[in-house]
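Keep in mind the model is a prediction, meaning the values are calculated, not measured.
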Amino acid sequence: MAPATLPVNRCDHPPWVIASHLFNRNPLPIEIQGVRRAHRSFFACLDRHADPAARARSFRDYMRIVFRVGAWHREPSRRARRSLRNSFLRFLRGWMLDSSSPEGAVLKGWVESRFGIPPAFHAGLIEDVHGPAYLLYLAERMRGSARTNAVESQFDLLYEYVQYELRRRHPGVRAFTLYRGVKNLGDYRVVGKTGETGVVLRLNSLNSFSSRLEHAWQFGSRVLEAAVPASKIFFRSDLLPGILPRGEEESLVIGGEYEVTVRLY
């Protein structure tokens with residue numbers, strides 16, 4: 001059977017703590033080691049802006065300066081142009097089209113390396129590290145990561161920026177109620193029950209959720225309702241408007257075990 005967590009990660013809490021549903025009951029801030037220190041001048045700049053739109057512009061400008069995001073057309077060589085085009089933007093948009101794509105595999109791989117939570121699903125339920133679904137994930141992760149410009153470091157900074165913004169915009173809020181539409185509960189491993197309609201599921205390493213219940217119904221005949229810790233939100237589309245095509249209700253949530261209420265249509 002595939003492990004629920006790795007033995008180590010790059011965070012200030014161990015993997016089995018972050019992945020536990022008990023963590024979600026009493027969530028704590030999570031920091032990826034070294035990211036805030038390496039980019040302390042950027043976060044000091046954010047502190048000086050009271051306007052969220054100005055902070056979003058600062059993030060985009062900083063990504064363009066440090067990682068040359070959006071500057072690919074200025075490069076003289078085809079290889080350099082291709083590398084710069086494969087920024088965090090490509091992977092977020094690729095995820096929205098198909099979370100079992102090579103872009104999805106790279107994002108799941110980032111969660112695995114930083115948080116120590118391996119994927120539970122990639123074009124099929126991952127039952128074994130020697131099984132076809134896991135081998136496909138590994139192959140697509142390697143292929144998707146090729147010819148990229150430090151894309152995992154870009155994800156690191158994106159996560160820390162989102163965490164900063166959530167604390168600035170929602171001071172004291174430790175969790176958000178979010179919804180995920182599903183077609184087949186068989187794609188999830190049930191690890192416990194919490195009542196007549198409540199179960200503990202092992203979610204994938206990264207998952208799409210919506211802030212609107214009516215939006216979640218578009219993706220299945222069942223909806224999972226969960227209290228998602230703010231510290232497990234990797235990306236939220238309203239914090240950087242215009243990146244994702246589905247409006248301002250989308251959140252990408254780091255997985256593990258979640259206590260969820262299953263709503264039937």
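- To the nearest 0.5 Å, atom CZ of residue Arg189 and atom CD of residue Glu127 are 5.0 Å apart.
- Electrostatic pairing of Glu249 and Arg236 does not count as a salt bridge here, judged by no charged N lying under 4.0 Å from a carboxylate O.
- With respect to Tyr137, the side-chain hydrogen bond (donor to acceptor under 3.5 Å, both in side chains) criterion is satisfied by exactly one of His122, Lys108, Glu112: Glu112.
- With a 6.0 Å cutoff to the six-membered ring centre and a 45° limit on the axis angle, Arg36 counts as a cation-pi contact of Phe43.
- Phe121 CZ to Asp187 CG: the interatomic distance, rounded to the nearest 0.5 Å, is 4.5 Å.
- Taking CD1 of Ile254 as the reference point, atom CD1 of Ile30 lies at 6.0 Å (rounded to 0.5 Å).
- When each of Ser231, Pro229, Cys11 is paired with Ile18, the side chain to side chain contact (heavy atoms under 4.5 Å, CB included) condition holds for Cys11 and for no other.
- Here the side chain of Ser237 pairs a donor or acceptor atom with the backbone of Glu250 at under 3.5 angstrom.
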Q: Take Phe219 and Val182 through the test side-chain contact (heavy atoms from CB on, under 4.5 Å) and record every step on the way to the result.
A: CA-CA 6 Å; Phe219 298 95; Val182 298; over 6 Å; no

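- Side chain of Asn207 to backbone of Val253: a donor-acceptor contact under 3.5 angstrom is found.
- Between Trp110 and Phe234, the ring center distance clears the sub-6.0 Å criterion.
- Between Pro119 and Ile126, the closest heavy-atom pair is O-CD1, 3.6 Å.
- A donor and an acceptor atom, one from each side chain of Tyr159 and Gln154, are nowhere located under 3.5 Å apart.
- Residue Leu28 is grouped with residue Val173 when hydrophobic side chains (ILVMFWY) are merged at heavy-atom distances under 4.5 angstrom, including chains of intermediate members.
- Expressed to the nearest 0.5 Å, how far CD1 of Ile117 lies from OG of Ser205 amounts to 7.5 Å.
- Closest approach of Ala133 and Gly124 over heavy atoms only: CB-O, 3.8 Å.
- Between Thr5 and Pro118 the shortest heavy-atom distance is CA-CD, 3.7 Å.
- Ion pairing of Glu257 with Arg202 is absent here, as no side-chain N (NZ or NE/NH1/NH2) approaches a carboxylate O to less than 4.0 Å.
- Residues that satisfy the ring-ring contact (aromatic ring centres under 6.0 Å, His included) test with Tyr161, not counting sequence neighbours, are Phe59.
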(Q) Evaluate Tyr164 against Asp47 for side-chain contact (heavy atoms from CB on, under 4.5 Å), listing each step before the verdict. (A) CA-CA 10 Å; Tyr164 175 94; Asp47 288 340; 2.7 Å; yes

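- Rounding to the nearest 0.5 angstrom, the gap separating the CD1 atom in Ile32 from the CZ atom in Arg37 is 15.5 Å.
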Q: Could you please spell out the steps behind the salt bridge (charged side-chain N to carboxylate O under 4.0 Å, His left out) verdict for Arg180 and Glu225?
A: CA-CA 7 Å; Arg180 175 174 172 80; Glu225 177 183 326; over 6 Å; no

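- Pairs of residues two or more places apart, or lying in two chains, that qualify as salt bridge (Lys or Arg N to Asp or Glu O under 4.0 Å) and include a residue from residues 48-59 are Arg55-Glu165.
- Here the shortest heavy-atom pairing between Val106 and Arg141 reads CG2-O, 3.7 Å.
- Two rings, from Phe115 and His13, have their centers 6.0 Å or more apart.
- In this structure, OG on Ser153 lies 12.5 Å from CG on Leu158, to the nearest 0.5 angstrom.
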Q: May I have the step-by-step check of salt bridge (charged side-chain N to carboxylate O under 4.0 Å, His left out) for Arg90 and Glu103, ending in yes or no?
A: CA-CA 8 Å; Arg90 169 204 156 185; Glu103 292 84 358; 3.2 Å; yes

Q: Kindly indicate, with the supporting measurements, whether the criterion side-chain contact (heavy atoms from CB on, under 4.5 Å) is fulfilled by Asp156 and Phe88.
A: CA-CA 10 Å; Asp156 291 344; Phe88 78 101; over 6 Å; no

